[in-house]
Amino acid sequence: MSNLAMKNLSDDEIIRSVLKGNSADFIFLVDRYKNKAFSMLKRMLKSTEDAEEVLQDCFMKAYNNLKTFKFESKFSTWFYRIVYNSALTKLSSQKRRIETEMTSVEDHFNLESEYNSAEIEKKDVSELIHVTISKLPERYSAIITMFYLNEMTIDEISEAMGLTISNVKVMLHRSRNALRDLVLKTKLAEEIL
Amino acid sequence: MIQITDEILNKYLDGELSVEEVKQVESALRNSDELRRKFNALKLVHTNLFTITEDEVSDSFTEKLMKQIVKKSTAPKQQKYFIASVVTFITLLCLVIFGFSISAMISATSSSAGNSQSVLDSVSGLSEGLVRMLQQLFSGTGLSIIGSFFSIIVLISGYFFFEMQKRTKANLSNGQRL
C-alpha cells in the first residue's frame with residue numbers, strides 16, 4: 001500500500017497492519033501523534049530534552065504492548081494514558097513534586113506569583129496565556145493540552161488520566177480561572193474588556 | 001435564583017447549564033459590569049487556548065525511533081530462525097543415521113536370508129540387526145564419537161544463543177538511552 005493510502009487509514013487499521021507483521025507501518029502512528037504528545041510532555045516536564053526522551057519511551061511502550069490494545073477505546077486515549085503515566089514516572093524519578101500523590105483536586109495554585117505585576121501589565125494577552133500554560137501544575141497543563149490542543153473530550157481525558165469526569169472538569173475550570181485572573185491584570189485587558 | 005459563581009460561568013461557557021439557568025446567568029451578566037468583565041476575560045482565555053500550537057520534536061526523532069523498532073522486531077525473528085535451523089539440522093542428522101542403519105541392516109539380512117524365509121523371520125532378523133547396530137554404535141568407540149559430536153553441536157549452539165541474547169539486551173538498553 002502507498003504511503004498516501006496508509007496516511008488516510010484509521011488508527012485501528014494501521015494497528016492491525018502492524019500486528020500482522022508490518023512493523024514499519026508504526027511510523028504512521030508516530031507521525032500522527034508525536035507532536036501533540038510532545039507538546040503535552042514538554043508542558044508537564046518543563047524540559048524539551050526530557051520530553052523527547054520520555055516520548056521515545058512512550059512510543060516503544062505502545063509498540064511493545066500493541067498486542068494488548070483491545071480496540072474498545074480510541075488508540076489516542078490509550079496512547080495518551082501511556083504518555084501521562086510516563087510523565088508522572090519521570091517526574092517521580094526526578095524526585096519532583098507529584099500532584100497525584102501530594103495534592104488533591106481541592107488544592108489551589110497561584111499563577112500570579114510567577115510574574116511581578118509590572119511584567120503582567122505589559123504582556124500581550126495571547127502570549128501570556130500560551131507561556132503560562134507551562135507554569136500550571138503538571139496535571140492542569142496536561143488537561144489544558146489534551147482539551148484544547150488534542151481536542152479530546154472530558155470523558156477521554158478522564159479515561160487517559162484515570163480521574164473522574166467531575167474532577168477533570170473542576171481542574172479545567174480552575175486552570176481557566178487562574179489564567180483569567182492573570183489576563184484581567186494586563187493593560188490590554190483593561191482596554192478590551 | 002442561582003448564585004453566579006466562577007463554576008457557573010465556566011459551565012455557561014461550556015453550554016452545560018439548563019435553559020432556566022442560562023436565562024438567569026444572562027440576566028445577571030446584563031446587570032453587572034464586574035460579572036460581564038469576568039466572563040469576557042474567561043471567554044478570551046477560552047478562545048486563546050484554542051490557538052495553542054503544537055511543539056515539534058527534533059528532525060531525527062522519528063528516524064531514531066523507527067530504527068529501534070525495526071531492531072526490536074528483527075531480533076526475535078533472528079533467534080527463531082537460529083533455533084529452527086539448529087533443530088532442523090539435528091533432526092536431519094538423526095534421520096540420516098537412522099536411515100543408514102536401516103539400509104545397512106536390510107542389506108545384511110537380505111544377503112544371509114533365502115527367498116523361502118517367512119515374514120516373521122525377516123522382521124525378527126531386522127530387529128536383531130537393529131539391536132546389533134545400536135550395540136555397536138553405543139559401545140566403546142562408537143559411543144564416544146557420537147557423544148563428542150553432539151557435545152560440540154550443543155556447545156556451538158549454546159555459544160551462538162548466548163551471543164544473540166547479549167546483542168538483543170545491548171540493543172534494548174541502547175534504545176532506552178536514546
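Both backbone and side-chain heavy atoms feed into the values below; hydrogens, waters and symmetry mates do not. Since the model is a prediction, treat every value here as computed from it, not as a measurement. Order of the sequence lines sets the chain letters (A, B, ...), proteins ahead of strands, with each chain counted from 1.
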Practice prompt. Flag the one option from B:Ile52, B:Thr51, B:Val57 with the top tally of heavy-atom pairs under 4.5 Å to chain A.
Written response: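 Among the listed options, the one with the most contacts to chain A is B:Val57.
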Proximity breakdown for [X] and chain A, heavy-atom pairs closer than 4.5 Å:
X	result
B:Lys38	both
B:Thr53	backbone
B:Asp14	side chain

Report the distance from atom [atom1] of [X] to atom [atom2] of [Y], rounding to the nearest 0.5 Å.
X	Y	atom1	atom2	value
B:Ile69	A:Ser23	CD1	OG	8.0 Å
B:Lys11	A:His173	NZ	NE2	7.5 Å
A:Tyr63	B:Met66	OH	CE	7.5 Å
B:Phe61	A:Glu52	CZ	CD	6.0 Å
B:Leu49	A:Leu179	CG	CG	6.0 Å

Linking I/L/V/M/F/W/Y whenever their side-chain heavy atoms sit closer than 4.5 Å, directly or via other members, would [X] and [Y] fall into one cluster?
X	Y	value
B:Ile152	B:Phe89	yes
B:Val96	B:Ile153	no
B:Ile4	B:Val22	yes
A:Leu163	A:Ile82	yes
B:Leu42	A:Ile144	no

Fill in: Engaged part of A:Ile129 at the chain B interface, taking heavy atoms whose separation is under 4.5 Å
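Answer is side chain: those atoms of A:Ile129 sit under 4.5 Å from chain B.
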Worksheet item: Side chain, backbone, both or neither: which part of A:Leu55 has a non-hydrogen atom closer than 4.5 Å to chain B?
Response: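 Both backbone and side chain.
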Look at atom [atom1] of [X] and say whether more than 12 heavy atoms of other residues, nucleotides or ligands are closer to it than 6.0 Å.
X	atom1	answer
B:Asn31	CG	yes
B:Phe98	CZ	no
A:Lys74	NZ	no
B:Tyr159	OH	no

Worksheet item: In terms of side-chain heavy atoms, does A:Asn177 have a donor or acceptor partner in B:Asn10 at a distance below 3.5 Å?
Response: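 Present: a donor and an acceptor within the cut-off.
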Any side-chain heavy-atom pair of [X] and [Y] under 4.5 Å:
X	Y	result
A:Lys34	B:Glu56	no
A:Arg176	B:Leu13	yes
A:Asn35	B:Asp55	no

Worksheet entry | Where B:Ala41 and A:Arg180 come nearest, the two heavy atoms and their spacing |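 Looks like CB-CG, 3.5 Å.
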Fill in: Proximity of residues 148-160 of chain A to chain B, residues having a non-hydrogen atom under 4.5 angstrom
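Residues of residues 148-160 of chain A touching chain B at under 4.5 Å: A:Tyr148, A:Leu149.
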